[in-house]
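Below is one structure, written out as structure tokens, with a few remarks after it.
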There are 2 protein chains.
Amino acid sequence: MDDGRVLTIGEFSRLTHLSVRTLRRYHDAGLLEPASVDDVTGYRSYSTDQIPVAQVVHRLRELDVPLAEVRTILRTDDPDTRARLVADHLRRLESELARTRAAVVSLRRLLEPDPAPVDVELRAVPAVTVAAVAADVSHDDVLAWYAGAMAELDAAVPVPSGPPGGLYDDALFQHGRGHALVYRPTDRPATVGRVHPVTLPAVELAVTTHTGEHDDIDVTYGRLGSWVVANTLAVAGPVRETYLVGPRDTPDPSAWRTEIGWPVFRVAVP
Amino acid sequence: MDDGRVLTIGEFSRLTHLSVRTLRRYHDAGLLEPASVDDVTGYRSYSTDQIPVAQVVHRLRELDVPLAEVRTILRTDDPDTRARLVADHLRRLESELARTRAAVVSLRRLLEPDPAPVDVELRAVPAVTVAAVAADVSHDDVLAWYAGAMAELDAAVPVPSGPPGGLYDDALFQHGRGHALVYRPTDRPATVGRVHPVTLPAVELAVTTHTGEHDDIDVTYGRLGSWVVANTLAVAGPVRETYLVGPRDTPDPSAWRTEIGWPVFRVAVP
DNA sequence: GTCCACCCTCCCCCCGGGGGAGGGTCCAGC
DNA sequence: GCTGGACCCTCCCCCGGGGGGAGGGTGGAC
């Protein structure tokens, strides 16, 4: 493919359907360098060879691939690596799609008139030592991290003495990063890989149970929060979830049951 | 639901999983006003009644509903109107999804090694008077506009003398808005509703044919562009598409054939 | 009375562009 | 050779939906 003629930025723009402005930005970002730049006038020149490259960029941007990542994709001339990077992004899009669907479901439920009164129990929980995996995670990764950690726990704790659970720091929700811990109770916790014995402190918990998928678990959180405040309590410490019935127990999401426990303490009544 | 206690912004933040920062922003945006604000200290106070509202906002934001639209949704207390607004946004998400899928398909094709050499014909087209619908449209609306205009054309032109086509101004691709015109050739063009007789000027066209869905029509555009430049021609005027075989002819997308014609003129060879 | 967590406002940063100002350059027609 | 207009350049500000952090005021538990 010989470049019979060099193109001005305007011509190149018309041929690629990328705006002149955007082409200049891509140049500045080191993403699509013009074939040459006149030192005196600063005029950019493009070659026809660059049309397919520009189209790849166009497509990747349509998929909301960040410019920086487009750059790395283009810099890689190994087609396998390139395909992998693209596939990674496609996976991200898939999970984004799943998130969107979950939000839609939950929104529908939220807009329905509020039916069920919340059923909350105040429960004193003693300190207990469990087998746990803990880490600082970001909110986006927490699901994947949870799956891995729970698999490791299952391998390390052949005979659990109760349903698994998790503790989630508030910062995880507030700032997208925070401490998370998943555990299985067992009589003989030991250290295996990432699994360590951890003693969960005694707390007083306001406990309610969420039934069904986790898509709209925030609704249950909200009801629990209202109850806590109405009963002149305040929240202190990470939330505790206990997975009474989950995907490991039954494939039917409507049968899942998750206990949510919020550590509370009594507020002086004014 | 009585508000037993007022909450500080921090407490409200923990109960709703919205960051303090975000709550302040929502206040500034007139989206989620605190129950009261202390005139002296500026401290915001929230009521437990606002927890469900905050959750609705949270969900809508997860769906990327702009703050301004969230505000209108909340201001409307008619549940039907509210449901309609939400449904509108869901439709937008759906089309976004379709766009993403199309981009994925096209990207896959683009990353494959370039197989087919392009088959371009240079063709002198005489001026012709057709029945046409024209408008300034935005790129996002062009598909919907096209469908409506073509339906109106079909009604107004019972006996067309050839396949339908369209002319698309370059600004439409460059800046998201521009002039578009769809037409059906006929022996007796008349004015009916939005349909008017229009004389398309004589041009010299570089013509190639795109086969299949329009998802990756830009690839064909790119090949055509390369050919045009390689043959020392330049582009002048709106692109012309002719829908030889389309959805109206067969439901099988792989059989669709779209002729793309780019008005060109010869460039002086240096 | 002191400490510390909490709250306030204000300003700058991120991304991927668009809009526009203000000025230089190229080329066709006269 | 001159002029007009299309084209090109850089630079700065704008958008939305927040995050990070500075600098300072408040409230309540000890």
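All values below were derived from every heavy atom in this structure, side-chain atoms included, with hydrogens, water molecules and symmetry-related copies excluded. Only a predicted model underlies this, so the values are computations on that prediction, with no experimental measurement involved. Residue numbers begin at 1 in each chain, while the letters A, B, ... track the order of the sequences.
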Donor-acceptor list for residues 35-43 of chain A side chains, cut-off 3.5 Å, not counting sequence neighbours:
unit_1, atom_1, unit_2, atom_2, d
A:Asp38, OD1, A:Val40, N, 2.7
A:Asp38, OD1, A:Thr41, N, 3.1
A:Thr41, OG1, A:Tyr43, N, 3.1

Could you state the [atom1]-[atom2] distance from [X] to [N], rounded to the nearest angstrom?
X       : N      : atom1 : atom2 : result
A:Leu32 : C:dG16 : CG    : P     : 15 Å
A:Tyr46 : D:dC8  : OH    : P     : 10 Å
B:Arg25 : D:dG17 : CZ    : P     : 8 Å
A:Glu11 : D:dC8  : CD    : P     : 8 Å

Residues that [X] engages under side-chain hydrogen bond (donor to acceptor under 3.5 Å, both in side chains), provided they are two or more places apart:
X       : value
A:Asp64 : none
A:Thr76 : none
A:Asp78 : A:Thr81
A:Gln50 : none

For residues 20-34 of chain A, which side-chain N or O atoms pair as donor and acceptor with protein atoms under 3.5 Å away, sequence neighbours left out?
unit_1, atom_1, unit_2, atom_2, d
A:Thr22, OG1, A:Ser19, OG, 2.7
A:His27, ND1, A:Arg44, NE, 2.9

Q) Can you tell me if A:Glu11 uses its side chain to pair, donor with acceptor, with the backbone of A:Thr8 under 3.5 Å? A)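 Yes.
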Q) Where along nucleotides 22-29 of chain C does protein come under 4.0 Å, by heavy atom, of base (B) or sugar-phosphate alone (S), with - for untouched nucleotides? A) --BBS---
Look for any protein N or O under 3.5 Å of an N or O in nucleotides 20-22 of chain D and output each such pair with its distance, or none.
unit_1, atom_1, unit_2, atom_2, d
D:dG20, N7, B:Arg21, NH1, 3.1
D:dG20, N7, B:Arg21, NH2, 2.9
D:dG20, O6, B:Arg21, NH2, 2.1
D:dG21, O6, B:Arg21, NH2, 3.4

Q) Listed by chain and number, what are the salt bridge (Lys or Arg N to Asp or Glu O under 4.0 Å) partners of B:Glu213, not counting sequence neighbours? A)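 If we apply the salt bridge (Lys or Arg N to Asp or Glu O under 4.0 Å) test to B:Glu213, skipping adjacent residues, there are no hits.
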Q. Counting any heavy atom closer than 4.0 Å, what does A:Arg24 reach on the DNA or RNA strands: base, sugar-phosphate only, or nothing?
A.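 Base contact.
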Q) Is there any salt bridge (charged side-chain N to carboxylate O under 4.0 Å, His left out) pair reaching into residues 167-179 of chain A, and which pairs are they, with sequence neighbours excluded? A)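 Listed by first then second residue: nothing to list.
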Q: Mind telling me whether A:Phe12 and A:Tyr46 have parallel, tilted or perpendicular rings, with 30° and 60° as the class edges?
A: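 If you compare the ring of A:Tyr46 with that of A:Phe12, the planes turn out parallel.
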Q | Members of residues 62-71 of chain A that approach DNA chain C, where some heavy atom sits under 4.0 Å away | A |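 DNA chain C contact set from residues 62-71 of chain A: A:Pro66, A:Leu67.
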Q | ring pair (Phe, Tyr, Trp, His ring centres under 6.0 Å) partners for A:Phe173, two or more places apart | A |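 Counting only residues at least two positions away or on another chain, A:Phe173 forms a ring pair (Phe, Tyr, Trp, His ring centres under 6.0 Å) with B:His17.
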